[in-house]
Amino acid sequence: MHVLVLGSGQLARMMSLAGAPLNIEISAFDVNSKNVVHPLTQAVIGHGLEQAIEKADVITAEFEHIPHDVLAVCERSGKFLPSTDSIKAGGDRRLEKALLDNAGVRNAKYTVINTREDFDTAIAHVGIPMVLKSALGGYDGKGQWRLKNAEDAEKIWPEMAECIAASNNQAIVAEEFVPFDREVSLVGARSKNGEVAVYPLAENVHVNGVLSLSTAIDAPELQEQAKEMFAAVANSLDYVGVLALEFFDVQGTLLVNEIAPRVHNSGHWTQQGAETCQFENHLRAVCGMPLGSTNLVRETSMINILGEDSLPESLLAMEGCHIHWYGKEKRPGRKMGHINVTADYHGELVRKLCELAEVLDPVAFPAVQEVAKQFKS
Ligand code: AMP
């Protein structure tokens, strides 16, 4: 099988690594350079999307911000999965919110802002405090504002107006501020025949809007809620592939924050912690193969490596510590790789995270330091 992935970042890279044992070959389309590249080496292996589409058995995507003309060509080939509508919904908060509402899935109250009058309507309808998010192009907390009191509306409006005017079809989604206890996510897969398999929930710690630490958790009641919401969203899209739902946990009730129609950073722990990793399951689904077991095999945490391109070698000697580099050039804050840490039981996992906190840079790995601090207090 030959799968063409739209996007040539770390997710295509990890799909390639997971696909090899099943004889699934991956090539990646870099939407910026418009080259077809090898997902591991980034070497150019083809020019032009049309030719790559022709050669592929299946086309899928590793991110949602894909130019719509590229999606249209892929759609016409009849080879694209999950579906171009799913990708578009993941890349536009207006479509995403409408999708959640139509699927009957709980999410934060919202309105859409195009004009200054809409902003007033949002303040009346959604209330303060409020979170404002650009409808298009926002990720990892980018393109967001917080409104904590009505007087600040005048202060932030010029920036919001500029954002709306900067690109065609842009708007702002105003959302009620959710006083959540924690953030969790559910990654799962839906096959061509509608079978759904979800992984255990992951608890996620974000720092400055970027995922820092993700730990698989055992929370049966939340898991049940999350699975139901996952199935509602996936079935409503007739989804095929891996899908991620990010939630706010508000005193045991889950609200969807956002969806990602693809393999997800909070599912990287499955590489060491689950029977079948998310990358393999995505490929199995889109290639029409049976899904692999999503059972947890070991307690696992994933730590993102942000803006660093080296780590103490001693980490490799630590039992259960697995480093995954993405082969990217170093830039401040950039996702450069991740560490999966596994253990036989939860206490041991926490002990290992404390051990890591001793050797990892506290600025680059704040969430691990926090775990260690809490454990010691
Ligand atoms: P997002 O880009 O929507 O994932 O938002 C980035 C982060 O901002 C989330 O992971 C939350 O920590 C926070 N956040 C987003 N929306 C809300 C909300 N409605 N209420 C409270 N916090 C939020």
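In listed order, ligands and their atoms are each counted from 1. Everything numeric in this text was worked out from a predicted model, so none of it was measured. Quick note: numbers below take in every heavy atom, side chains included, and nothing from hydrogens, waters or symmetry partners.
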Checklist outcome for this item: d(Asn257 CG, Glu175 CD) to nearest 0.5 Å is 6.0 Å
Item to check | Element-labelled atoms of ligand 1 that are located less than 4.0 Å from some non-hydrogen atom of Phe180 | outcome: 12 (O), 21 (C), 22 (N)
Item to check | Distance filter under 4.0 Å to Val131 heavy atoms, resulting ligand 1 atoms | outcome: 17 (C), 18 (C), 19 (N), 20 (N)
Next on the checklist: Please classify the Asn257 to ligand 1 contact at 4.0 Å (heavy-atom distances, strictly less than): side chain, backbone, both or neither.
Outcome noted: side chain
Could you pull out every donor-acceptor pair under 3.5 Å between side chains of residues 314-326 and any protein atom, sequence neighbours left out?
| from | atom 1 | to | atom 2 | distance (Å) |
| --- | --- | --- | --- | --- |
| His324 | NE2 | Gln272 | OE1 | 3.0 |
| Tyr326 | OH | His338 | ND1 | 2.6 |

Checklist entry - Do Leu306 and Lys335 come within less than 4.5 Å of each other through their side chains, counting heavy atoms only? => result yes
Checklist entry - Please, which pairs that meet ring pair (Phe, Tyr, Trp, His ring centres under 6.0 Å) have at least one residue in residues 152-177, sequence neighbours excluded? => result Phe119-Trp157
Item to check | Within-shell test, Glu246 vs ligand 1, heavy atom, strictly < 4.0 Å | outcome: no
Item to check | Distance-only side-chain donor-acceptor flag, Ser214 / Asn204, under 3.5 Å | outcome: yes
Next on the checklist: Show the atoms of ligand 1 that are less than 4.0 angstrom away from any heavy atom in Phe177.
Outcome noted: 20 (N), 21 (C)
Next on the checklist: Just to be sure I'm reading this right: ignoring hydrogens, which of Asn107, Val205, Val178 gets closest to atom 20 (N) of ligand 1? Compare them by their nearest heavy atoms.
Outcome noted: Val178
Checklist outcome for this item: Near Lys133 (heavy-atom distance under 4.0 Å), the atoms of ligand 1 are 3 (O), 15 (C), 16 (N)
Checklist entry - Relative to atom 13 (C) of ligand 1, which among His206, Met130, Arg146, Glu96 owns the nearest non-hydrogen atom? => result Arg146
Checklist entry - Would Tyr110 end up clustered with Met130 when hydrophobic side chains under 4.5 Å apart are linked, directly or stepwise? => result no
